[in-house]
K.L.:
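The structure that follows is given in the form of structure tokens.
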Amino acid sequence: MIELKGLHKSYITGTNKLHVLKGLDMLIEQGELVSIMGSSGSGKSTLLNVLGILDSYDQGFYKLNNTLMSNLSEKKAAQYRNNMLGFVFQSFNLISFKNAMENVALPLYYQGVSRKKRNSIALEYLEKMGLKDWAEHMPNELSGGQKQRVAIARAMISKPKVILADEPTGALDTKTSLEVMDLFREINKDGITMIIVTHEKDISEKTDRIIHLRDGIIESEFISKN
Ligand code: ADP
Ligand code: MG
């Protein structure tokens with residue numbers, strides 16, 4: 001599903017060049033539940049942005065679903081993102097002036113689905129997340145865990161093949177974090193590939209395979225015991 005070979009990426013700011021990803025090889029099969037673990041600054045978000053076709057790379061290759069992701073027009077990149085990928089972030093990224101249902105429905109708005117239809121589908125997804133009764137609530141009326149479940153429902157509504165989550169439990173307490181990880185495991189059972197970036201060991205141990213990133217290289221890899 002995801003294949004990287006000799007992937008390099010640097011950031012250039014002014015005359016400074018920061019070499020962040022230094023030759024990554026990675027193979028993630030469809031339906032895997034993988035974590036990418038590493039300390040702050042190790043390049044986790046940079047890698048996830050490349051995987052999410054939100055940023056380019058300099059050398060090597062990235063294939064998503066056997067298609068080479070390079071030199072894509074913004075239109076093509078958006079097409080792959082919309083059809084293949086769902087995103088979940090540490091800070092939830094909900095729209096503060098829209099209620100839970102409208103937030104979940106947003107990807108369908110961009111696909112031109114009518115308001116009535118998209119809201120009814122959004123309600124189904126909220127129900128799956130155990131949040132049906134919260135549909136009319138605004139983000140600031142929801143707990144952190146509830147906000148993240150709304151964000152997960154929003155990621156799921158366009159039926160992605162892969163979910164990319166950047167520190168999805170970073171703003172949550174331990175108990176809520178573990179609940180969110182249980183939810184990811186449930187979603188993964190339906191065959192959706194999940195890639196979860198974290199710097200927390202106990203979070204990574206909730207996934208099936210742990211890839212350790214250190215200073216822009218893959219230092220080691222483990223199959224999780226759990
Ligand atoms: P992580 O997510 O593991 O904490 P990042 O991928 O965010 O690490 O960052 C890796 C390195 O790249 C850090 O030194 C960071 O400061 C730098 N960096 C990240 N994004 C940019 C950017 N857009 N421009 C320049 N440097 C960046
Ligand atoms: Mg990061």
Side-chain angles (χ1 to χ4, degrees), residues 2-28 32-64 69-74 77-78 80-81 85-94 144-145 147-148 151-152 154-155 160 162-174 176-178 180-181 183-184 193-222 224:
I2 283 183
E3 187 182 3
L4 301 181
K5 199 99 201 152
L7 190 100
H8 286 260
K9 177 169 181 67
S10 299
Y11 291 113
I12 296 172
T13 37
T15 54
N16 286 328
K17 186 174 164 190
L18 185 66
H19 196 179
V20 178
L21 302 179
K22 303 172 184 168
L24 301 184
D25 297 338
M26 191 181 279
L27 190 64
I28 296 175
E32 276 202 84
L33 172 57
V34 178
S35 54
I36 297 171
M37 175 72 174
S39 54
S40 179
S42 57
K44 304 183 299 297
S45 293
T46 301
L47 172 57
L48 213 67
N49 288 342
V50 170
L51 297 180
I53 334 172
L54 298 163
D55 206 351
S56 60
Y57 53 92
D58 306 324
Q59 221 190 92
F61 72 72
Y62 167 30
K63 283 184 185 170
L64 174 62
M69 296 291 125
S70 79
N71 294 320
L72 298 177
S73 65
E74 190 37 54
Y80 285 117
R81 278 198 300 271
L85 306 174
F87 294 90
V88 177
F89 302 95
Q90 173 171 358
S91 50
F92 320 122
N93 292 12
L94 300 179
K147 278 187 239 191
Q148 197 57 301
I152 293 167
R154 180 186 55 189
V162 181
I163 288 199
L164 300 169
D166 196 351
E167 308 263 7
T169 62
L172 306 176
D173 61 58
T174 306
T176 311
S177 296
L178 295 177
V180 164
M181 291 309 293
L183 183 54
F184 281 144
T193 309
M194 314 276 295
I195 303 178
I196 296 165
V197 156
T198 182
H199 64 270
E200 295 170 278
K201 190 163 176 285
D202 51 339
I203 294 300
S204 70
E205 281 167 352
K206 290 279 164 190
T207 67
D208 296 335
R209 178 152 72 104
I210 308 172
I211 298 171
H212 278 262
L213 201 64
R214 187 188 170 96
D215 292 336
I217 59 163
I218 292 171
E219 183 186 44
S220 54
E221 237 188 78
F222 298 96
S224 189

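Order of appearance sets the numbers: ligands from 1, and atoms from 1 within every ligand.
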K.L.:
Quick check: V20 and ligand 1, any N/O pair under 3.5 Å apart?
P.N.:
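No - when backbone and side-chain N and O of V20 are compared with those of ligand 1, no distance drops under 3.5 Å.
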K.L.:
Taking atom types as modelled, find out whether D166 and S45 have a side-chain donor-acceptor pair closer than 3.5 angstrom.
P.N.:
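Yes, because at least one side-chain N or O of D166 sits under 3.5 Å from a partner of the opposite role on S45.
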K.L.:
Measure from atom 3 (O) of ligand 1 to every heavy atom in K17, K44, E167 and give the option owning the shortest one.
P.N.:
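Among K17, K44, E167, the closest heavy atom to atom 3 (O) of ligand 1 belongs to K44.
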K.L.:
Which one of S10, S39, G38, S45 has a non-hydrogen atom at the shortest distance from atom 2 (O) of ligand 1?
P.N.:
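Going through S10, S39, G38, S45 one by one, S45 has the nearest heavy atom to atom 2 (O) of ligand 1.
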K.L.:
Consider side-chain contact (heavy atoms from CB on, under 4.5 Å). Of I28, L27, L47, which one does L4 pass it with?
P.N.:
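Checked I28, L27, L47 against L4; only one passes side-chain contact (heavy atoms from CB on, under 4.5 Å): L47.
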K.L.:
Under a 3.5 Å cutoff, is there a donor and acceptor pairing between the side chains of T13 and N16?
P.N.:
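No, because no side-chain N or O of T13 sits under 3.5 Å from a partner of the opposite role on N16.
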K.L.:
Name the closest protein heavy atom to atom 8 (O) of ligand 1, giving the residue it belongs to and the distance to 0.1 Å.
P.N.:
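Looking only at protein heavy atoms, the one closest to atom 8 (O) of ligand 1 is G43 N, 3.3 Å.
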K.L.:
Answer yes or no: does an N/O atom from T13 fall short of 3.5 Å to an N/O atom of ligand 1?
P.N.:
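No, there is no polar N/O contact under 3.5 Å.
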K.L.:
Strictly under 2.8 Å, is the Mg ion (ligand 2) approached by any N, O or S atom of S45?
P.N.:
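It does; at least one qualifying atom falls short of 2.8 Å.
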K.L.:
Give the residue, atom name and distance (to 0.1 Å) of the protein heavy atom nearest atom 4 (O) of ligand 1.
P.N.:
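The closest one turns out to be G41 N, 2.7 Å.
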K.L.:
Using a 3.5 Å distance criterion without hydrogens, assess whether the side chain of Y57 forms a donor-acceptor pair with backbone atoms of M69.
P.N.:
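Between the backbone of M69 and the side chain of Y57 there is a qualifying donor-acceptor contact (under 3.5 Å).
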K.L.:
Within the 4.5 Å heavy-atom criterion, are H199 and S39 side-chain neighbours or not?
P.N.:
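No, their side chains stay 4.5 Å or more apart.
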K.L.:
Measure the distance from atom 26 (N) of ligand 1 to every protein heavy atom, then report the residue, atom name and distance (to 0.1 Å) of the closest one.
P.N.:
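The closest one turns out to be Y11 CD1, 3.4 Å.
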K.L.:
Give me the nearest non-hydrogen protein atom to atom 5 (P) of ligand 1 as residue plus atom name, then the distance to 0.1 Å.
P.N.:
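Answer for atom 5 (P) of ligand 1: T46 OG1, 3.7 Å.
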K.L.:
Write out the residue and atom name of the closest protein heavy atom to atom 15 (C) of ligand 1, then the distance separating them to 0.1 Å.
P.N.:
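Of the protein heavy atoms, L18 CD2, 4.4 Å lies nearest.
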K.L.:
Tell me, with the steps shown, if T176 and D173 meet side chain to side chain donor-acceptor pair (under 3.5 Å).
P.N.:
CA-CA 5 Å; T176 311; D173 61 58; 2.8 Å; yes
K.L.:
Would you please indicate yes or no on a ring centroid separation below 6.0 angstrom for H19 and Y11?
P.N.:
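They do not qualify: ring centres at least 6.0 Å apart.
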K.L.:
Between E200 and K206, is there a salt bridge with N-O shorter than 4.0 Å?
P.N.:
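Salt bridge: no.
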K.L.:
Using a strict cut-off of 4.0 Å, indicate which atoms of ligand 1 neighbour a heavy atom of S40.
P.N.:
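Near S40, meaning under 4.0 Å from one of its heavy atoms, ligand 1 has 4 (O).
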